[in-house]
K.L.:
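Structure below; questions to follow.
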Protein chains: 4
Amino acid sequence: MPTASSQPRRTRSGNRRDEAARLAVLHAADDLLVEHGFGALTVEAIARRAGVGKQTIYRWWPSKVEVLLDTLIEDSDKRSAVPTEQPTAESIQAYLRGFARFLTRDPAGKVLLALMAEAQHDPATAQSFHQRYLGPRREQEREMLARAIDAGEISPRLGPDATLDALVGPIVYCALTGASVPRGLVSTLVEDLLRPRPK
Amino acid sequence: MPTASSQPRRTRSGNRRDEAARLAVLHAADDLLVEHGFGALTVEAIARRAGVGKQTIYRWWPSKVEVLLDTLIEDSDKRSAVPTEQPTAESIQAYLRGFARFLTRDPAGKVLLALMAEAQHDPATAQSFHQRYLGPRREQEREMLARAIDAGEISPRLGPDATLDALVGPIVYCALTGASVPRGLVSTLVEDLLRPRPK
Amino acid sequence: MPTASSQPRRTRSGNRRDEAARLAVLHAADDLLVEHGFGALTVEAIARRAGVGKQTIYRWWPSKVEVLLDTLIEDSDKRSAVPTEQPTAESIQAYLRGFARFLTRDPAGKVLLALMAEAQHDPATAQSFHQRYLGPRREQEREMLARAIDAGEISPRLGPDATLDALVGPIVYCALTGASVPRGLVSTLVEDLLRPRPK
Amino acid sequence: MPTASSQPRRTRSGNRRDEAARLAVLHAADDLLVEHGFGALTVEAIARRAGVGKQTIYRWWPSKVEVLLDTLIEDSDKRSAVPTEQPTAESIQAYLRGFARFLTRDPAGKVLLALMAEAQHDPATAQSFHQRYLGPRREQEREMLARAIDAGEISPRLGPDATLDALVGPIVYCALTGASVPRGLVSTLVEDLLRPRPK
DNA sequence: GTATAAACGAGACGGTACGTCCCGTCTTTGT
DNA sequence: ACAAAGACGGGACGTACCGTCTCGTTTATAC
């Protein structure tokens with residue numbers, strides 16, 4: 001991870017990128033999305049709320065979607081990290097439960113839903129969203145599965161991607177339809193798909 | 001001057017709703033969505049393409065989303081109907097496969113994805129989408145499950161909604177991420193979730 | 001439910017023109033102009049107010065301007081008639097004063113001003129307005145002058161049209177600028193232009 | 001191709017008002033009025049013709065009427081200025097003749113007629129038109145009269161406003177009715193109203 | 001008497017313009 | 001050099017009327 005300059009940084013600009021402006025934009029976008037929905041998330045509104053010029057946004061982000069993507073990537077790792085320690089069936093299940101909570105309860109989860117939605121409307125968003133979020137995440141999840149299989153913790157009947165679609169898909173679907181994830185769903189999925197009884 | 005007012009007489013409108021205009025709007029919306037994506041789906045573009053006044057759209061539909069919903073409801077029943085005959089595990093599996101094909105291959109499936117996406121952005125869309133599409137569909141699917149259970153065809157470990165989320169969720173998730181539904185996913189889901197081996 | 005078609009029963013129409021509808025349109029137009037100004041005088045508003053279908057207006061009048069012209073012609077003769085008896089300098093002066101009052105005080109005078117205004121905006125209006133109102137009126141006024149000259153009542157230094165422009169122009173101009181006609185203006189005009197002292 | 005970044009450099013805009021856009025709007029409005037009449041003078045048409053966004057018009061002018069008023073005020077002083085030197089009966093007469101020519105011949109005169117007309121239809125136009133054009137002009141004319149009276153050049157029988165109404169009214173009236181100002185009218189008015197023979 | 005034909009109210013239709021909002025680009029000015 | 005500010009050309013929004021057109025009803029006249 002690169003440097004990340006530290007001090008409060010009060011001076012409003014200079015000839016280097018203004019970190020305060022960057023954060024103001026990210027927070028403004030996040031807040032607007034949560035408070036007024038994606039429809040109210042216009043570049044002008046972000047700039048207004050962040051007390052920033054429109055050009056400052058266009059200078060650093062190709063579109064408002066990339067702003068959201070930046071917030072998502074930061075928040076996602078914080079609030080729903082893929083287990084990197086030696087995973088067990090239980091820790092995988094816990095990860096899925098955490099992911100479900102993130103999606104359906106955490107305001108930051110709204111960002112993910114909004115981006116997944118916007119990706120349906122705009123190919124450029126789809127491209128970025130896959131490259132910067134879905135792809136890396138899926139890669140981590142595949143690794144998690146592989147290590148659990150290696151350790152004999154699980155033995156899924158399906159290939160890694162199909163398995164992950166089967167586990168994550170229902171959770172995402174519930175979130176998209178505004179429903180809570182039904183009690184027992186995650187555990188049953190884990191039990192039936194990751195530990196199929198041998199014939 | 002010879003009279004010659006003979007042929008079927010282009011009736012073009014009158015005091016009552018013009019069916020030709022209605023169809024032109026529905027088709028224009030569908031075509032625009034498939035050809036240029038949701039971003040190009042403006043009321044003005046629909047009107048232009050349908051050869052119709054904007055007011056004619058606003059007169060009959062509260063928003064472009066409702067236009068899409070109308071086309072979805074008509075198409076969905078035609079191209080991916082929920083089985084109403086006595087369902088078996090096999091016919092349920094066939095329904096899911098048909099649904100997957102509808103979502104990922106059929107242009108009309110794009111309409112469903114677009115609406116599910118727009119529902120994330122706009123509460124009014126979410127409301128309509130649930131009330132007019134998701135709700136009735138889920139109801140039919142519940143009935144399908146119930147009859148299959150009664151007939152002893154299946155015995156799901158989860159409640160009806162959780163079962164349906166687990167079956168439909170992965171398919172929708174694949175479609176949303178632009179992936180094809182992995183081979184074996186549907187059959188494994190049906191087998192593991194609807195016919196759990198007796199202990 | 002016994003209907004009992006009792007009340008006077010507005011006999012809604014028949015095979016011939018409906019006089020009630022005609023009057024309703026004329027009055028609605030007049031009222032709208034006076035109450036809400038020319039800007040609110042749309043065909044739809046007239047129809048709404050008169051309780052009449054738009055087509056009924058378009059059937060009998062080529063435009064809303066002709067509706068106004070109809071009301072003007074009826075009212076103008078009633079409220080500011082050109083003297084036809086043997087005119088004197090005094091009766092001419094009285095006519096001009098009456099005309100000034102009509103223009104600046106009488107609601108029906110607003111119709112004349114509105115038409116004169118609209119004639120600036122639209123050549124068709126100008127054409128009709130001249131043909132149906134200004135022309136005939138000017139003709140009557142010329143006759144009035146001619147008879148007064150013949151009788152030795154007046155001896156204007158200018159030709160008939162120039163004289164009338166000089167007499168009527170200031171009154172119309174005051175009305176158009178929203179001013180009242182200054183005290184003494186009419187009498188001075190009559191005295192100085194119609195009875196010039198012999199050199 | 002040699003570099004030659006020489007010419008005035010189409011600056012096209014910036015933080016401050018774009019003078020080129022302002023002029024383009026004024027000229028477009030003027031041209032449209034003269035060429036196609038007030039009916040064709042829509043904000044959209046002005047924007048189209050000026051090669052300007054609609055918002056640029058709405059940003060600087062409250063309505064199309066104010067655009068016209070701006071052109072009128074600029075043109076009016078250039079083409080029909082009120083005499084400021086010591087006025088004589090002759091220079092007053094010349095001014096009136098110039099004004100008559102302006103109104104009936106000069107394309108810019110159409111703007112005045114159109115505004116006077118629109119003032120009949122819309123109170124806001126009336127307000128602006130009086131405040132920004134009629135009022136100041138009348139003030140200049142009153143001054144002209146006053147100085148001529150002081151110098152003993154004229155001795156009108158009527159008060160200043162009535163005198164001006166009597167002089168200007170017939171000219172405006174002729175222009176409004178599409179007539180040319182009759183030969184002899186102006187000179188007779190000046191002679192009979194400004195130089196009344198002493199009793 | 002019944003059939004025809006005209007005028008009626010209602011209102012849907014394809015359009016045009018309204019005045020507003022936001023897009024993404026561009027310039028100016030300040031730090 | 002970067003930032004705030006905001007004007008710019010463009011284009012979609014949802015509304016109001018335009019003038020035309022059917023619809024179904026009502027009623028006076030013609031057969």
Side-chain angles (χ1 to χ4, degrees), chain A residues 11-18 20-21 40-45 47-48 50-60 62-64, chain B residues 9-18 20-22 24 40-45 47-48 50-60 62-64, chain C residues 9-18 20-22 40-48 50-60 62-64, chain D residues 9-18 20-22 24 40-45 47-48 50-60 62-64:
Chain A
T11 66
R12 210 164 52 74
S13 81
N15 66 358
R16 289 287 170 268
R17 179 166 189 182
D18 184 346
L41 194 76
T42 69
V43 172
E44 300 216 326
R48 207 150 41 217
V52 140
K54 274 168 48 172
Q55 191 57 45
T56 299
I57 298 179
Y58 284 112
R59 183 154 31 229
W60 300 107
S63 75
K64 67 186 179 188
Chain B
R9 197 65 187 91
R10 170 89 165 102
T11 79
R12 233 194 26 101
S13 88
N15 201 6
R16 293 288 169 256
R17 180 164 189 179
D18 183 346
R22 189 186 136 260
L41 194 76
T42 67
V43 173
E44 298 219 323
R48 219 176 295 133
V52 139
K54 275 169 41 170
Q55 192 59 54
T56 297
I57 298 182
Y58 285 111
R59 185 156 28 231
W60 299 110
S63 75
K64 66 187 178 185
Chain C
R9 192 65 186 91
R10 162 97 165 91
T11 72
R12 235 189 3 99
S13 83
N15 199 3
R16 291 289 169 255
R17 180 166 189 179
D18 183 347
R22 187 185 139 264
L41 195 76
T42 68
V43 173
E44 298 218 327
I46 298 172
R48 210 151 37 216
V52 141
K54 275 167 49 170
Q55 192 58 44
T56 297
I57 297 180
Y58 284 112
R59 183 156 29 230
W60 300 110
S63 75
K64 67 187 178 186
Chain D
R9 189 70 184 87
R10 168 83 167 108
T11 79
R12 241 210 358 122
S13 89
N15 200 5
R16 293 287 168 258
R17 181 165 188 180
D18 184 347
R22 188 185 136 261
L41 194 76
T42 68
V43 173
E44 299 220 322
R48 220 177 294 135
V52 138
K54 275 170 37 171
Q55 189 61 56
T56 297
I57 298 181
Y58 285 111
R59 183 153 33 226
W60 300 110
S63 74
K64 65 188 180 186

K.L.:
Find which nucleotide of DNA chain E each of B:Gly51 and A:Pro62 is nearest to by heavy atoms, and output the residue with the more 5' nucleotide.
P.N.:
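Here B:Gly51 is the residue nearer the 5' end.
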K.L.:
Nearest whole Å is fine: how far is F:dC18 C1' from C:Ile57 CD1?
P.N.:
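The distance from CD1 of C:Ile57 to C1' of F:dC18 comes to 13 Å, rounded to the nearest Å.
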K.L.:
If you look at every heavy atom in B:Gly53 and B:Ala47, which pair is closest and at what distance?
P.N.:
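It is C-CB, 4.2 Å.
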K.L.:
For F:dG11, does the base pair up with any side-chain atom of D:Lys54 as donor and acceptor (N or O, under 3.5 Å, distance only)?
P.N.:
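Side chain to base: no pair present.
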K.L.:
With nearest nucleotides of DNA chain F determined for C:Lys64 and D:Arg22 from heavy-atom distances, which residue corresponds to the more 5′ nucleotide?
P.N.:
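Result: D:Arg22.
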K.L.:
By nearest heavy atom, map A:Ala47 and C:Arg48 onto DNA chain F; which one lands nearer the 5' end?
P.N.:
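Comparing both residues, the 5'-ward one is A:Ala47.
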K.L.:
Determine whether A:Thr56 and A:Arg59 make a side-chain contact, defined as any pair of heavy atoms from C-beta on separated by less than 4.5 Å.
P.N.:
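Yes, at least one pair of side-chain atoms sits under 4.5 Å.
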K.L.:
Let me know the distance between CG of A:Leu41 and P of E:dC21, rounded to the nearest Å.
P.N.:
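Rounding to the nearest Å, CG of A:Leu41 and P of E:dC21 are 18 Å apart.
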K.L.:
Please report the closest heavy-atom contact between B:Ala50 and B:Ala24, naming both atoms and the distance.
P.N.:
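Result for this residue pair: CB-O, 3.5 Å.
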K.L.:
So which protein N/O to nucleotides 29-31 of chain F N/O distances come out below 3.5 Å?
P.N.:
none

K.L.:
Identify the two heavy atoms, one from C:Ala45 and one from C:Ala40, that lie closest to each other, and give their separation to 0.1 Å.
P.N.:
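The pair with the smallest heavy-atom distance is CB-O, 3.6 Å.
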K.L.:
Is B:Trp60 close enough to E:dA12 that one of its side-chain N or O atoms is under 4.0 Å from OP1 or OP2 there?
P.N.:
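False: B:Trp60 side-chain N/O out of range (4.0 Å or more) of E:dA12 OP1/OP2.
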K.L.:
Of all the choices, F:dA12, E:dG19, E:dG9, which nucleotide is nearest to the side chain of C:Ala21 once you look at every atom?
P.N.:
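Between F:dA12, E:dG19, E:dG9, the one nearest the side chain of C:Ala21 would be E:dG9.
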K.L.:
Could you give the OH-to-C1' distance, from A:Tyr58 to F:dA7, as a whole number of Å?
P.N.:
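These atoms are roughly 15 Å apart.
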K.L.:
Measuring to OP1 and OP2 of F:dC2, would you say a side-chain N or O of A:Thr56 lies under 4.0 angstrom away?
P.N.:
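For F:dC2, OP1/OP2 do not have a side-chain N/O of A:Thr56 under 4.0 Å.
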K.L.:
Should the side chain of D:Glu44 and the base of E:dC18 be counted as holding a donor-acceptor pair, with the cut-off at 3.5 Å?
P.N.:
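No, no donor-acceptor pair under 3.5 Å.
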K.L.:
Between D:Ala45 and B:Arg59, which has a closest nucleotide on DNA chain E that is more 5'?
P.N.:
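Upstream on the strand: B:Arg59.
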K.L.:
Report, one pair per line, the protein and nucleotides 1-3 of chain E atoms (nitrogen or oxygen only) whose separation is under 3.5 Å.
P.N.:
none

K.L.:
Could you tell me whether the side chain of C:Gln55 has a donor or acceptor atom within less than 3.5 Å of a complementary atom in the base of E:dC8?
P.N.:
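No pair found.
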K.L.:
Could you walk me through whether D:Arg17 and D:Trp60 pass the side chain to side chain contact (heavy atoms under 4.5 Å, CB included) check?
P.N.:
CA-CA 9 Å; D:Arg17 181 165 188 180; D:Trp60 300 110; 3.4 Å; yes
K.L.:
Shortest non-hydrogen contact from A:Val43 to A:Lys64?
P.N.:
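Heavy atoms of A:Val43 and A:Lys64 come nearest at CG2-CB, 4.3 Å.
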K.L.:
Determine the minimum heavy-atom distance between D:Val52 and D:Ile57, stating which atoms define it.
P.N.:
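Smallest heavy-atom distance, with atoms named: CG1-CG1, 4.1 Å.
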K.L.:
Mind checking what makes side-chain hydrogen bond (donor to acceptor under 3.5 Å, both in side chains) contact with C:Gln55, not counting sequence neighbours?
P.N.:
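None.
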